J.: 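Provided herewith is a single structure, encoded as structure tokens, for subsequent inquiry.
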There are 2 protein chains.
Amino acid sequence: MNKRQNKITIVDVATEANVSFGTVSRVINNDIHVKPETRERVQQTMERLNYVVNRQAQKLAGGRSNVIGLLVPDLGTGYIGEIIRGIDSELTLSDYDLMLYTTHRTASKEAGYVFSLAQDMVDGILLVLPRNPVDYTGTLAKKKFPFVLIDHQGTGKDCPAVGASNWQGAFNATDYLIQLGHKRIGFITGSLDLGAAIDRLDGYKTAMRTRHIPVESDLIYEGTFAQPDGYTGTIQFLNVEQPPTAIFASNDCMAMGVIDAIRDHGLKIPDDISVIGFDDIPQASLVRPALTTVQQPLEQMGRLATQMLLEILTDTDSKPHRIELPTQLMIRDSTAKPKAVQANREVIP
Amino acid sequence: MNKRQNKITIVDVATEANVSFGTVSRVINNDIHVKPETRERVQQTMERLNYVVNRQAQKLAGGRSNVIGLLVPDLGTGYIGEIIRGIDSELTLSDYDLMLYTTHRTASKEAGYVFSLAQDMVDGILLVLPRNPVDYTGTLAKKKFPFVLIDHQGTGKDCPAVGASNWQGAFNATDYLIQLGHKRIGFITGSLDLGAAIDRLDGYKTAMRTRHIPVESDLIYEGTFAQPDGYTGTIQFLNVEQPPTAIFASNDCMAMGVIDAIRDHGLKIPDDISVIGFDDIPQASLVRPALTTVQQPLEQMGRLATQMLLEILTDTDSKPHRIELPTQLMIRDSTAKPKAVQANREVIP
DNA sequence: GTGAAAGCGCTAACAC
DNA sequence: GTGTTAGCGCTTTCAC
């Protein structure tokens with residue numbers, strides 16, 4: 001048949017269809033300047049020959065590669081998985097392919113990957129939980145290279161991004177605990193180099209202050225979003241003079257650690273201590289007691305970001321905007337009134 | 001500086017370093033025929049100019065693309081996530097990039113993707129939980145296109161594959177239940193078009209027969225590996241004349257459904273009914289009671305498969321082999337002796 | 001409307 | 001050892 005490796009190229013199609021290969025290219029790219037009959041004939045030939053375009057060649061010749069790059073910090077948590085699901089389901093509807101990169105939480109790799117991808121590999125980039133986007137957003141924007149940031153706030157720059165209202169979520173969760181009657185509320189932060197972590201801490205503090213409850217430094221433990229932090233933070237809280245009656249972990253993973261620590265201390269949830277998380281990962285509703293937490297619309301964030309990127313890809317100068325999706329407090333079984341309040345109730349009347 | 005879009009090519013590097021661009025190509029490909037000094041000079045120039053190879057062009061020109069394709073059924077379960085983690089961590093050590101495709105459980109898409117990828121996009125393909133590999137393994141093998149199957153058994157063909165000992169795992173789990181004293185053990189199957197599902201069912205049946213316990217058809221429910229199947233299967237079991245004292249679900253997702261159903265019926269685990277799963281997904285140890293399950297070394301499977309692929313990639317005619325990793329019964333809190341046995345204990349002595 | 005020709009950035013075969 | 005050359009499969013002028 002053909003030279004080697006039964007690879008079908010536009011040349012093969014062209015010969016078979018009795019046209020020049022330039023015309024075949026036009027058909028592929030839906031160019032208007034092709035006679036309908038010719039187009040029809042070429043398309044049939046392509047099908048008959050099982051022709052598939054070579055995207056490398058397409059991209060190299062100056063076209064699009066139809067590949068978008070996805071940069072994530074890691075694959076360890078269900079958190080990222082949810083976002084990827086959203087991206088994937090949206091991408092499946094288009095005909096873009098996905099190139100996945102993991103920075104393994106190494107901030108320094110980030111910019112390197114981004115530039116390498118932007119140079120020629122992909123048509124656009126999606127960045128989940130970027131560590132230091134300032135390193136490259138400027139350059140990317142200058143080159144007019146399409147990209148969207150997912151779950152990142154904090155850069156003053158206005159670049160395309162989708163996130164969740166972390167501040168509001170943390171505020172609401174804290175306020176809910178206060179309304180239950182809690183006054184001593186321990187807070188375990190995420191990595192404070194991440195905007196989301198800062199916003200959550202901020203929401204907690206503001207809620208406390210709004211209700212005139214002092215924010216005490218020994219009730220704030222600095223974590224990194226990893227499960228063990230929840231454990232050690234809790235241990236530390238349990239050792240302060242007047243331990244908290246509720247603990248708010250900046251994500252569900254750490255909340256799991258909190259739960260373990262409380263249990264290991266022979267205390268009961270929510271009777272002795274209430275626990276609240278953030279994210280609403282699939283496990284949250286599965287653990288017993290089911291975890292009260294702040295739900296982030298992760299999958300939807302992935303979806304939206306992808307839609308934005310696709311839009312930028314087609315309409316080159318659509319202005320960048322930042323979308324913030326609402327978070328939602330999911331009240332389940334790990335939170336209750338503090339014992340003191342329960343006792344009061346019985347005594348006072 | 002250069003023509004357009006400040007893209008640095010080998011030509012730029014060549015001019016800067018005063019060599020021909022062929023030499024630069026040699027340096028890139030670690031060709032031996034380059035004088036050490038020249039190599040050094042070229043490498044420095046590449047760094048100074050921030051040069052990055054264009055992989056599209058590399059692949060097009062007949063070289064490798066340094067991209068491997070990963071085909072997964074979907075991203076919904078932690079199951080696939082674990083495998084991907086293994087793949088990713090192994091790939092990070094090499095300098096291959098990852099292209100991710102989701103078939104969304106559409107078996108028909110599988111072969112299409114595979115051929116499209118194999119045509120030119122990637123150097124090798126990793127297939128997780130393939131639905132009907134027979135459609136393409138033959139062709140791929142004939143073309144000598146590198147690929148590895150993950151978590152699939154059943155094709156008589158001997159193609160490179162890594163899986164887990166599903167049969168043995170199911171046998172052991174069932175036997176464990178029998179030894180606890182259970183005789184009526186409900187079994188919920190996975191999608192029986194998957195080799196793994198068949199093997200697990202088989203392991204269950206064999207264990208029962210080995211211990212001379214009849215395999216009853218109303219204690220076998222045909223599921224699809226999805227959580228709701230666990231729920232409906234359990235409801236059905238609970239309605240048979242003599243309900244099972246233990247339920248073995250073919251994966252942890254379905255086991256979660258089983259747990260819900262049992263709870264909704266006001267029964268306790270493991271007191272009234274023991275539950276056992278398969279896979280040991282992260283949630284398994286997190287739910288209460290912690291789920292007894294058969295652990296599959298998912299991450300390791302991903303790792304191993306990747307190593308195999310990389311090996312095939314470098315050593316073109318390494319003979320294909322199939323690796324089967326051992327499964328391991330993780331005994332936790334969702335299994336116990338059946339009530340009857342517990343009662344007997346107290347009465348007989 | 002269609003064909004011909006010039007690259008895109010690179011590898012690999014062949015010279016010297 | 002290093003330079004030269006011919007493609008890889010495609011897009012995109014520019015002719016006609």
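Note that the coordinates shown come from a computational prediction; the quantities given were computed from them, not determined experimentally. To find a chain, count down the sequence lines: A is the first, B the second, and so on, and within it residues start at 1.
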J.: Would a distance-only check, ignoring hydrogens and angles, find a side-chain to backbone donor-acceptor pair under 3.5 Å from A/Arg41 to A/Ala17?
T.: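 Such a contact is found between A/Arg41 side chain and A/Ala17 backbone.
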J.: For B/Asn30, does its backbone N or O pair with a side-chain atom of B/Arg39 as donor and acceptor, under 3.5 Å?
T.: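 A pair under 3.5 Å: no.
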J.: Starting from P on C/dC10, measure out to CD on A/Gln56 and report it in whole angstrom.
T.: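 A/Gln56 atom CD is separated from C/dC10 atom P by 14 Å.
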J.: Between B/Thr38 and D/dT2, is there a contact of a side-chain N or O with OP1 or OP2 at under 4.0 Å?
T.: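 So the side-chain polar atoms of B/Thr38 do come within 4.0 Å of the phosphate oxygens OP1 or OP2 of D/dT2, strictly under.
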J.: What does nucleotides 10-16 of chain D look like as a protein-contact string, B for base, S for sugar-phosphate only, - for none, at under 4.0 angstrom between heavy atoms?
T.: BBBB---
J.: With rounding to the nearest 0.5 Å, note down the distance linking CD1 in A/Ile87 to CD1 in A/Ile150.
T.: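 Output value for this atom pair is 4.0 Å.
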J.: In whole Å, I'd like the distance from the CG atom of B/Asn18 to the P atom of D/dG3.
T.: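 Whole-Å distance recorded here is 9 Å.
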J.: With distance as the sole test, does A/Asn132 use its side chain to make a donor-acceptor pair with the main-chain N or O of A/Val134 at under 3.5 Å?
T.: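 The answer is no, because no donor-acceptor pair under 3.5 Å joins these two groups.
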J.: Just N and O in the side chain of B/Thr23: are any of them under 4.0 Å from OP1 or OP2 of D/dT2?
T.: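 Answer no for this pair, as no side-chain N or O of B/Thr23 is under 4.0 Å from OP1 or OP2.
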J.: Could you check whether any side-chain heavy atom of B/Leu117 comes within less than 4.5 Å of a side-chain heavy atom of B/Tyr101, counting everything from C-beta outward?
T.: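 Side-chain contact under 4.5 Å: yes.
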J.: Atom CZ of B/Arg41 and atom C1' of D/dT2: how far apart are they, to the nearest Å?
T.: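 The answer, rounded to whole Å, is 11 Å.
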J.: Rounded to whole angstroms, how far apart are CD on A/Glu40 and P on C/dG1?
T.: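 Spelled out: CD on A/Glu40 to P on C/dG1 is 17 Å.
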J.: D/dT2 phosphate, OP1 or OP2: any side-chain N/O from B/Ser20 under 4.0 angstrom?
T.: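 No, because none of the side-chain N or O atoms of B/Ser20 sits under 4.0 Å from OP1 or OP2 of D/dT2.
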J.: Starting at CG of A/Leu60 and ending at P of D/dG7, how long is that distance when rounded to a whole Å?
T.: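 After rounding, the reported distance stands at 17 Å.
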J.: A/Lys35 has an atom NZ; how far is it from atom C1' of C/dG3, in whole Å?
T.: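 Rounded to the whole Å, the gap is 14 Å.
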J.: Is A/Asp74 paired with B/Arg85 through a side-chain N to carboxylate O contact shorter than 4.0 Å?
T.: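 No.
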